[in-house]
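Here is the structure we will look at, set down as structure tokens.
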Amino acid sequence: MTRYDFDLFVIGGGSGGVRAARLAAAMGKRVAIAEEYRFGGTCVIRGCVPKKLFVYASQFPEHFEDAAGYGWTVGERSFSWLALIAAKDREIDRLEGLYRKGLETNGAEILETRAEIAGDHRVRLLSSGQEVTAEKILVAVGGHPNPHPEMPGSELCISSNEAFHLEELPKSIAITGGGYIAVEFANIFAGLGVETTLVYRGEEILRGFDMDMRVNLREAMEKKGIQVICRDTIVEVAQAADGRLKAQTHNGHVFNVDKVMMALGRQPNTKGLGLESVGVELDAKGAIRVDDYSRTNVDYIWALGDVTDRVQLTPVAIHEAMCFIETEYKDNPTKPDHDLIATAVFSQPEIGTVGLPEHVAAERYEELEVYLAKFRPMKATLSGRDERTVMKLIVNAADRKVVGAHILGHEAGEMAQLIGIALKGGCTKDDFDRTMAVHPTASEELVTMYQPSYRVKNGERV
Ligand code: NDP
């Protein structure tokens, strides 16, 4: 006789939680999954997916302008923010439905409630107060935008959560932060015609990325009219008499804007989850500490995805969920592989990247060959748009392995996915050289950069 109500109880219906619940249920396990908001999690409901739809929406004005160079006359045009929001919401509803259906058809029990750990193997369902038991508990509750309460006026600001549901498109916005979300939304708002200012405390946007990507993207954003202010930060936001907001920076800039958006990182959703009641260890940022197999220090509790703050990306959470299933239910111990994760910033132009940026590769390897190409994309010839594509390969001179690939340009995210396979497979520069080009494409540059642009020896460019 089974001691527990469920074999697996998953707390959190985002990308990681849903994948684990669905796969375990498909194997005949008795699975429950609790979600307090909407199935699909940050990625589907208020992250990657609606963001990408917004990116598409924001690109049309440039398409209309570029059309003239190709002989088109585009007539009068107008944009309805509310129509975009409604269309986006319909698509999100559809996707949420698919997530639910995947769980239901595999036999997982869907619980629309907040769930908290109530004691050993016990979970409390807040909607009813009922307690259930489970042999294994998986915590996949994700994170939330850093609310930055130490800044006066932070309560007047929006985060990415609200950006997806604004009642009207602001005329002007100041965004604070210099990471993925700040940069992506700066481009979205600017593309939609919003007067946009980005304020970032560091020397250059997108810390951690290759410097050629960071500098060239910032310059491209400035050309599009986005005001990018680095080495500064918004220190106070106040309501102005005209109903707008007054954002003041450390260095004395004052912006009068309709909205101020904070994109200052995301924090794990571990508060009030009952984790302390059973002694689950957290790190200094409040993320759940896990071992290589996503196990917490409590032997019946696992955690994965953003709540563990390893790599905050949807595909990583899904991969961690699949490794959890392999390890716990298929007798095939599998550690999530966090090496060489290809990623994209959906700025305009996009960044697609995999592997090491030059400054990190230079610390790790004695000698590097760096291949760098900067060129005008073909479409920009007739459109006359002043833009550049940048491609960069970083090669360890000792064994010729390509250890970093960085692309700034149209569809860079799509390219990063494919070049990610090459790097994961350990391809050398010689493999790239003997790969036939696809002509005419932008990505052919990746296999036709025959001579290094420069070398880096013992950290010094030579
Ligand atoms: P990021 O970690 O990318 O960036 C946070 C930014 O906020 C950094 O520029 C950081 O500065 C700055 N910051 C943090 N605290 C402060 C502070 N107190 N004062 C001033 N600035 C501060 O987080 P995001 O919120 O942009 O995104 C969260 C995560 O979501 C990302 O890490 C990413 O993994 C994921 N994501 C992925 C996307 C994609 O794949 N395309 C899109 C959107 C999000 P500093 O650099 O100096 O520390």
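Atoms within each ligand, like the ligands themselves, are counted from 1 in listed order.
- In this structure, F185 has its ring center at least 6.0 angstrom away from the ring center of Y180.
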Check: residues 410-421 side-chain donor-acceptor pairs under 3.5 Å, at least two apart:
from : atom 1 : to   : atom 2 : distance (Å)
H410 : NE2    : E387 : OE1    : 3.4
H410 : NE2    : E387 : OE2    : 3.0

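- Residues P152 and V235 share a closest heavy-atom pair of CD-O, 3.3 Å.
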Pairs under 3.5 angstrom, nitrogen or oxygen on both sides, ligand 1 versus protein: list them out, please.
from     : atom 1 : to   : atom 2 : distance (Å)
ligand 1 : 3 (O)  : Y180 : N      : 3.3
ligand 1 : 7 (O)  : A263 : O      : 3.4
ligand 1 : 9 (O)  : G178 : N      : 2.9
ligand 1 : 9 (O)  : G179 : N      : 3.2
ligand 1 : 11 (O) : R201 : NE     : 3.3
ligand 1 : 25 (O) : G265 : N      : 3.0
ligand 1 : 26 (O) : Y180 : N      : 3.3
ligand 1 : 26 (O) : I181 : N      : 2.8
ligand 1 : 34 (O) : Q312 : O      : 2.7
ligand 1 : 41 (N) : E184 : OE2    : 2.9
ligand 1 : 41 (N) : A344 : O      : 2.8
ligand 1 : 46 (O) : Y200 : OH     : 2.7
ligand 1 : 46 (O) : R207 : NE     : 2.9
ligand 1 : 47 (O) : Y200 : OH     : 3.1
ligand 1 : 47 (O) : R201 : NE     : 2.9
ligand 1 : 47 (O) : R207 : NE     : 3.3
ligand 1 : 47 (O) : R207 : NH2    : 2.5
ligand 1 : 48 (O) : R201 : NH2    : 2.9

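- In this structure, N146 contributes its side chain and L264 its backbone to a donor-acceptor pair below 3.5 Å.
- Salt bridge absent: E236 and K246 never bring a charged side-chain N and a carboxylate O closer than 4.0 Å.
- The main-chain N or O of L126 is found under 3.5 Å from a side-chain atom of T113 such that the two form a donor-acceptor pair.
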